[in-house]
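Here's the structure we're looking at; comments come further down.
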Amino acid sequence: MDSSGAHEFDATVTRTQGQLVLRRFLRHRMAMVSFGVLVLLLLFAFIGPLVWSYDFEDVSSKAYQAPNGTHPLGTTQVGKDMLALLMRGTGYSLQIAFVVAALATVIGVAFGALAGYLRGFVDNALMRLVDLMLIVPQIAVAAIVVKGFSGSWYVVALVLAGFAWMSIARITRGETLSLSQREFIEAARAAGATTPRIIFKHLVPNMIGSITVNATLAVAAAVLTEAALSFLGLGVQPPDTSLGVIVQENYGQFITRPWLFWGPFVVLVAISLAVNFIGDGLRDAFDPRQTKVRA
């Protein structure tokens, strides 16, 4: 049997850890289906507006048209094409989610790794800061900051990122406490490696599995949190838009014109489910219990 058809646990075939992780991820059916859905949503959000005949700001159409050949999802109260508006809202929601996940992951990993490695006073000080941040009312802070800075999408992203990194920091700290007692860390200390080098060259690469999974799940959490804040009027503000804003503007049409509500709602749920299933697939792929070689 050639190497391409060999079992992933075949001891006669040499594969790197990355190859094993990728192989298991590709075999996770729900994760692959979800990845395909996410790619389609990205194309819908960022390529769709380039080929669609209506702009999301175009109000030249008749108001409250039912779905038809010209407007597949109908039009809004002011005559905007709902499909064009949905593309724009999906793009903004995804932008916010990815920015939040990236910032929260960087901050959380840095805080958690630093606290777990240095321990003592630094650990206590950083973890008390995390505890303090966890009790700050997110909605109240979001209302003050967003209203004070015009409610642009990047302001919302920064506010959400400011509350999303704490859980990642706690998880990273726990893993760092365990890894910092391993032999390869002791060897790095004995070799005279500096603290930043030990953290970012030795500790963080060995936590890449949990970091990747948590970053993925942070995307889903950010999408839902942004939608909730925007629905309450505390998130993205016009002229920007997002899925939460579109739902908020059309939830009153749930009975009379349900297509205006269900379009953004279905996209919102699809993003959340897709990202969560991708996270599940990554968690299974990085699971160290699956790296054992079959005898």
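Fair warning: this is a prediction, and the values are worked out from it, not measured in the lab.
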Inspect the surroundings of CZ in R119 and state if more than 12 heavy atoms from other residues, nucleotides or ligands are less than 6.0 Å away.
-> yes
Over all heavy atoms of both residues, which pair between A104 and W165 is shortest? Give the atoms and the distance, please.
-> O-CB, 3.4 Å
Candidate list M30, H28, R29, test side chain to side chain contact (heavy atoms under 4.5 Å, CB included), partner F277, passing option | M30
Criterion side chain to side chain contact (heavy atoms under 4.5 Å, CB included) on W259 and H71, from CA distance to verdict = CA-CA 11 Å; W259 55 86; H71 303 284; over 6 Å; no
If you count the non-hydrogen atoms of other residues, nucleotides and ligands that lie under 6.0 Å from CZ in F25, is the total more than 12?
-> yes
Could you go through the side chain to side chain contact (heavy atoms under 4.5 Å, CB included) check for R24 and F286 one step at a time?
-> CA-CA 8 Å; R24 286 194 294 269; F286 280 108; over 6 Å; no
Would a 4.5 Å heavy-atom cut-off, applied to side chains only, mark M82 and I246 as touching?
-> yes
Quick one: sort the W52 and Y54 rings into parallel, tilted or perpendicular, breaks at 30° and 60°.
-> tilted
Spacing of CG belonging to N214 relative to CE belonging to M207, to within rounding of 0.5 Å = 11.0 Å
Nearest non-hydrogen partners of T172 and A113, listed with the distance | CG2-N, 3.6 Å
Are V236 and T241 side-chain neighbours, meaning at least one heavy-atom pair lies under 4.5 Å?
-> no
Nearest heavy atoms of V59 and V78, plus distance in Å | CB-O, 3.4 Å
Do T256 and Y64 have side-chain heavy atoms sitting under 4.5 Å apart?
-> no
Mind listing the closest non-hydrogen atom pair of D240 and W153 along with its distance?
-> OD2-N, 3.3 Å
Residue F35 excluded, over 12 heavy atoms near CZ under 6.0 Å = no
Smallest heavy-atom separation, G48 atom then M87 atom, equals C-SD, 3.4 Å
Pairwise side-chain contact, R182 with N206, heavy-atom cut-off 4.5 Å (strictly under) = no
From L40 CG over to I47 CD1, what is the distance, rounded to the nearest 0.5 angstrom?
-> 12.5 Å
Under 3.5 Å donor-acceptor, S180 side chain and Y117 backbone = no
Can you check whether S93 reaches E226 side chain to side chain, under 4.5 Å on heavy atoms?
-> yes
Looking just at side-chain N and O atoms, do E249 and T76 make a donor-acceptor pair shorter than 3.5 Å?
-> no
Taking atom CZ of F265 and atom CZ of F254, what is their separation to the nearest 0.5 Å?
-> 8.5 Å
For the pair R173 and D123, evaluate salt bridge (charged side-chain N to carboxylate O under 4.0 Å, His left out) and give the outcome as yes or no after the intermediate values.
-> CA-CA 9 Å; R173 172 184 176 270; D123 183 19; 2.7 Å; yes
Would you check if V275 and L217 make a side-chain contact, meaning some heavy-atom pair closer than 4.5 Å?
-> no
Do T194 and K201 touch side chain to side chain, with heavy atoms closer than 4.5 Å?
-> no
The residue among L85, D81, N68, L86 that forms side chain to side chain contact (heavy atoms under 4.5 Å, CB included) with L73 is L86
For atom CZ of R189, decide whether the heavy atoms of other residues, nucleotides or ligands shown that lie under 6.0 angstrom number more than 12.
-> yes
Considering residues, nucleotides and ligands other than Y154, do more than 12 of their heavy atoms fall under 6.0 Å from its OH?
-> no
What distance do M133 atom CE and M166 atom CE have between them, rounded to the nearest 0.5 Å?
-> 4.5 Å
When rounded to the nearest 0.5 angstrom, what distance separates CG in L282 from OG1 in T212?
-> 6.5 Å
Tell me, with the steps shown, if T225 and F163 meet side chain to side chain contact (heavy atoms under 4.5 Å, CB included).
-> CA-CA 11 Å; T225 305; F163 287 93; over 6 Å; no
How close do L224 and S272 get, heavy atom to heavy atom, and via which atoms?
-> CD1-OG, 3.5 Å
Side-chain heavy atoms of L42 within contact of F98, under 4.5 Å = yes
Which is it for I271 and L41 under the side chain to side chain contact (heavy atoms under 4.5 Å, CB included) test, yes or no, and what are the steps along the way?
-> CA-CA 8 Å; I271 294 174; L41 288 170; 3.5 Å; yes
Is it true that atom OH of Y251 has more than 12 heavy atoms of other residues, nucleotides or ligands lying nearer than 6.0 Å?
-> no
Under the 3.5 angstrom rule, does the side chain of T75 hit a backbone N or O of K80 as a donor-acceptor pair?
-> no
For S34 and I278, indicate whether the former's side chain and the latter's backbone hold a donor-acceptor pair under 3.5 Å.
-> no
Under 6.0 Å from the CD atom of Q77, do we count more than 12 heavy atoms belonging to anything else shown?
-> no
